[in-house]
Structure formats: C-alpha cells, structure tokens
Amino acid sequence: MLVSYELAGDVSTVTNAIDIQEGFCVFGDHQTWYRVTGDLSSDLAPVVIAHGGPGCTHDYVDAYKALASSGRAVVHYDQIGNGRSSHLRDAPADFWTVDLFLSELENLTRHLGIAARYNLLGQSWGGMLAAEHAVRQPVGLNAVVIANSPASLKLWVQEANRLRMALPDGVHETLLKYEETGAYDDPAYRKATDIFYRAHVCRMAEWPDEVKRTFTAMDEDTTVYRTMNGPTEFHVIGALKGWTIEDRLHAVAVPALVLSGLYDEATPLTVQAYANNIPGAEWIILGKSSHMPHVEEHELCMAVVSDFLARND
C-alpha cells in the first residue's frame, strides 16, 4: 500500500537529557560495538538500527537517534568487520554471509535483554538484513522498517545501469571503461562514481559529517564491502550479487513500513516487492530525497518512522 504523508510535529532533535550508553557485545571470538540512546526499560519497544553496506558503519544513519525524543530507546551498532567492531581483514571470503550478520543481530538483542520485544529498522543492506530477519518470524520482533532497500540485487543492478546511462557528460561510459580493467581506484572512476552518488545516494550540497565518516571508514577497510557487494553501489560483483527475498516476503508476520526516496538508487521497481508481498505493508516515498532521507529530509523522515512505531507499540 503506497501512502502519502505530511509532517506533523518535530522529532528531529535529541535533548541532552537523554541517556547515551556505549558498550561491546561478545560475538564468538569477536566484539560488536553498540550504542543505546534512551532507556531500554521504557514502555515503548526499542528500535534497533541496522546500517547498510555490507561494510558501512553506523555513523551515516546516526540521525535515527532522534527517534529517542519520543521516549523510545534507539540502538545503533557497527556490524562485524566495520567501524568500532572487530575488523577481520584476513577472514576468507566465505566467512562473510547473510547468516553471520543475522546471528550477530540476534546475539545483540539477547545481550541487551530486548529479544522479547523490539523493533528493527534497516537501511539499504540493513533493510535487506531486516527482511531476512523478519521472514524467519523471530518471537520478539514487534515491527520492521525497511528503508531504501532492494528486494532483488538483480533488479538493483538493472536499475543502477538505467540510472547511470541517464547521467550526463559520458559518466556511464567512463564507469564502463574502468570497470572493464578493474581500475576502481583510478581518480577518473572515483570522480564519475561521485557524480552518481550525488544524484542517487545523497543529494545534499554538503554531506553531513556523519555521512563523510562512514565513507572514510569504508575507504580505510574495504574488506566486507568489496567481498559481499563490490567496489561501488552500482557495480555489484560480490557474494550477494544473486541475492533476492521477493518470494519469501509473504512470511513477514509483523507490521512493516517501507521507505524510499524519489531519486533513490533503490528505485520503485527494486522496492515494490516489499510493499506488494508483505501483508499490510505501508510504502512511503519521500519526494525530496534519494538514498538517505534520514539526512536529506530529516524532520519528515523521523516523523514518518516515529508515527509508524507509535501506531504499532
């Protein structure tokens, strides 16, 4: 169900009075870093934020901490291999699997004592992970938000190629030239990539510092991103390239909100299976955003998510 939404109220800021706690959760031989904004003992079900990539960090979705202004605890974490969690540059390619990250998420909810009741919001790859989690019908999952996520990477690549070809000044041809030789770090390739990103990933003239921090972290350790995804958002040659969840979404048994942006690299064609196949799902397209409405239309995005969670507590 595609619905429209108008802004009502302001949940765009987090006051200094809200408690913030950081810690590490043991995950096998490794550690998962997490941060809790707010009180986990609140009557409102906490929301766990799963970041994208695979291979990004929590920083670029830090804006979702604003949801704590309603009294709901917000849990951010860095997935294994990224950010402040354990880095494993020498792990073999087959170490990095969807099941690994599902196990880490489940381990974190148990560690925090919220496994009996929690919400899950996943952005981009995090939304794919959230969908994988939800179709397994975990007992404590209360509601799920799938933000800016494809339901099929085959469709994602198909649509990315369409978006690339629509860019001006031979950007697509430049990208093809360097992809044929694998010269992904060539300045010309990176410049062409940036043009795509500023059209379909984040359209803000000046990217927020938290977004910049994630991209810096990804440059410093490319292990997870290049193994599972590929060198860029639109050149998917990693282990996930054949991933799809389209035919399993009917198994989601909790309320679901699907978010995307009008200019999103996660185009309507890549997103619509979530809205069509999850029973009762709501789908909202934010009209001034691309892939990061949480920063591009921050106040509206927070209001939409906060309202959905409040209606399903």
Side-chain angles (χ1 to χ4, degrees), residues 1-6 8 43-52 61 64 67 70 72 74-75 98-99 101-103 105-106 109 114-156 158-159 240 242-262 264 266-287 289 291 293-294 300-313:
M1 177 176 63
L2 181 60
V3 299
S4 61
Y5 201 93
E6 293 183 1
D43 291 337
L44 303 178
V47 56
V48 179
I49 311 297
H51 66 69
V61 286
Y64 278 114
L67 297 172
S70 67
R72 182 185 312 280
V74 180
V75 179
V98 172
D99 285 343
F101 293 103
L102 287 173
S103 295
L105 172 60
E106 293 160 5
T109 62
I114 61 173
R117 184 169 176 259
Y118 60 97
N119 300 302
L120 178 59
L121 184 153
Q123 199 279 336
S124 195
W125 145 255
M128 296 158 59
L129 186 66
E132 287 278 6
H133 184 69
V135 300
R136 289 161 170 78
Q137 300 183 354
V139 174
L141 182 62
N142 180 69
V144 63
V145 180
I146 298 170
N148 317 101
S149 306
S152 161
L153 284 187
K154 180 180 178 180
L155 281 178
W156 171 271
Q158 175 183 309
E159 286 291 275
L240 284 175
W243 178 88
T244 181
I245 199 168
E246 295 165 297
D247 61 350
R248 293 180 282 145
L249 291 171
H250 64 277
V252 177
V254 297
L257 172 65
V258 182
L259 292 180
S260 60
L262 184 62
D264 205 331
T267 66
L269 184 62
T270 71
V271 169
Q272 66 184 7
Y274 290 118
N276 292 348
N277 298 349
I278 296 176
E282 302 175 27
W283 182 13
I284 295 176
I285 300 175
L286 284 81
S289 295
H291 199 53
H294 52 277
L300 177 58
C301 183
M302 295 305 111
V304 168
V305 175
S306 184
D307 175 70
F308 169 76
L309 295 178
R311 285 187 284 113
N312 290 288
D313 265 320

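Just so we're clear, the structure is a prediction, and the values are computed from it rather than from any experiment.
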Problem set entry | Asp313: salt bridge (Lys or Arg N to Asp or Glu O under 4.0 Å) partners, not counting sequence neighbours | Arg72, Arg117

Exercise. Residues in salt bridge (Lys or Arg N to Asp or Glu O under 4.0 Å) with Asp43, at least two apart?
Worked result: none

Exercise. Hey, what do you get for CG (Leu240) to CG (Leu153), rounding to the nearest 0.5 Å?
Worked result: 6.0 Å

For this session: Locate the shortest heavy-atom distance separating Trp125 from Gly52; write the atom from each residue and the value.
Result: CD1-C, 3.5 Å

Problem set entry | Interatomic spacing from CE in Met128 to OG1 in Thr244 - rounded to 0.5 Å | 9.0 Å

Problem set entry | Heavy-atom pair with the smallest gap, counting every atom of Pro138 and Ala134 | CD-O, 4.0 Å

Exercise. Which residues pass the salt bridge (Lys or Arg N to Asp or Glu O under 4.0 Å) test with Arg136, sequence neighbours left out?
Worked result: Asp99, Glu132

Exercise. Is the shortest side-chain N to carboxylate O distance from Glu282 to Arg311 below 4.0 Å?
Worked result: yes

Exercise. Nearest 0.5 Å, what's the CG-CG distance between Leu300 and Leu286?
Worked result: 5.0 Å

Problem set entry | Parallel, tilted or perpendicular: ring planes of Tyr118 versus His133, cut at 30 and 60 degrees | tilted

Problem set entry | Considering all heavy atoms, the nearest Ser149-Gly122 contact | OG-O, 4.1 Å

Problem set entry | Student check: side-chain heavy atoms of Val271 and Ile285 closer than 4.5 Å | no

Exercise. Where do Ala251 and Val135 come nearest, in terms of heavy atoms and distance?
Worked result: CB-O, 3.6 Å

Problem set entry | Set of side chain to side chain contact (heavy atoms under 4.5 Å, CB included) partners for Ala253, sequence neighbours left out | Gln137

For this session: Can you sort out the partners of Ala131 under side chain to side chain contact (heavy atoms under 4.5 Å, CB included), two or more places apart, ordered by chain and number?
Result: Ile146, Ile245, Leu249, Tyr274

Exercise. What's the shortest heavy-atom distance between Pro293 and Asn148, and which atoms?
Worked result: CD-ND2, 3.3 Å

Exercise. Of all residues at least two apart in sequence or in a different chain, which pass the side chain to side chain contact (heavy atoms under 4.5 Å, CB included) check with Leu269?
Worked result: Leu155, Gln158, Glu159, Thr267, Gln272

For this session: Output the distance between atom CD (Glu246) and atom OG1 (Thr270), rounded to the nearest 0.5 Å.
Result: 9.5 Å

Exercise. Can you name the closest pair of heavy atoms from Tyr64 and Val74 and give their distance?
Worked result: O-CG1, 3.7 Å

For this session: Please determine which of Val145, Thr109, Val47, Leu105 meets the side-chain contact (heavy atoms from CB on, under 4.5 Å) test together with Leu120.
Result: Leu105

